[in-house]
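In what follows, a structure is listed as structure tokens, so that the remarks can point back to it.
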Amino acid sequence: QVQLVESGGGLVQPGGSLRLSCAASGRGFNFLAMGWYRQAPGKQRELVATITSGGTKNYADSVKGRFTISRDNAKNTAYLQMDSLKPDDTAVYYCHVGLVYWGQGTQVTVSS
């Protein structure tokens, strides 16, 4: 069983930055991709970014150039650095491992 604990969300002004963390515990996930999806009120959950165990990254077009995903396999943790945040980035962000295990979600609000 894999458990994920997310942290780092909050309220930030437009143009600001936040860093999300997703710490995984358990076994059998080191070879799996990790990443984040997000869901805004009234909208479907959408992909934000994914990183494979080998470090290959994939981003949604809406966050390319602004968000950076990384992972530390020794710490079983993934990170999402979010810069130049926009109000449209406001959502609950969910980290995942292999699209099987999910975190509890963390709220990101971008507002002046």
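Atoms considered below: every heavy atom in the structure, side chains included; atoms not considered: hydrogens, waters and symmetry mates.
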Ser111 and Pro87, any side-chain heavy atoms less than 4.5 Å apart: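 The answer is no; the side chains never approach within 4.5 Å.
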
Between [X] (side chain) and [Y] (backbone), is there a donor-acceptor pair under 3.5 Å?
X: Thr77; Y: Lys75; result: yes
X: Tyr59; Y: Ile69; result: yes
X: Gln13; Y: Val110; result: no
X: Glu6; Y: Leu20; result: no

Common cluster, Trp36/Val12, ILVMFWY with side-chain heavy-atom separation under 4.5 Å: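 Result: yes, single cluster for both.
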
Leu99, Leu47: one ILVMFWY side-chain cluster at the under-4.5 Å cut-off?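 As far as the 4.5 Å side-chain criterion goes, Leu47 and Leu99 are connected within one cluster.
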
Listing request: all salt bridge (charged side-chain N to carboxylate O under 4.0 Å, His left out) pairs with a residue in residues 40-52, at least two apart in sequence or in separate chains.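 Passing the test, one end in residues 40-52: Arg38-Glu46.
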
Gap between atom CZ of Arg71 and atom OG of Ser53 - 0.5 Å precision: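 Answer rounded to 0.5 Å: 6.0 Å.
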
CD on Gln107 to OG1 on Thr90, rounded to 0.5 Å: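 Interatomic distance, Thr90 OG1 to Gln107 CD, rounded to 0.5 Å: 7.0 Å.
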
List the atom pairs, donor and acceptor, that lie under 3.5 Å between side-chain atoms in residues 79-86 and the rest of the protein, sequence neighbours left out.
from, atom 1, to, atom 2, distance (Å)
Gln81, NE2, Asp83, OD1, 2.9
Asp83, OD1, Ser17, OG, 2.7

Where does the angle between the aromatic ring planes of Tyr94 and Trp102 fall among parallel (under 30°), tilted (30 to 60°) and perpendicular (over 60°)?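 Perpendicular, since the angle between the ring planes exceeds 60°.
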
Does the gap between the ring centers of His96 and Tyr37 come in under 6.0 Å?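 Between His96 and Tyr37, the centre distance is under 6.0 Å.
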
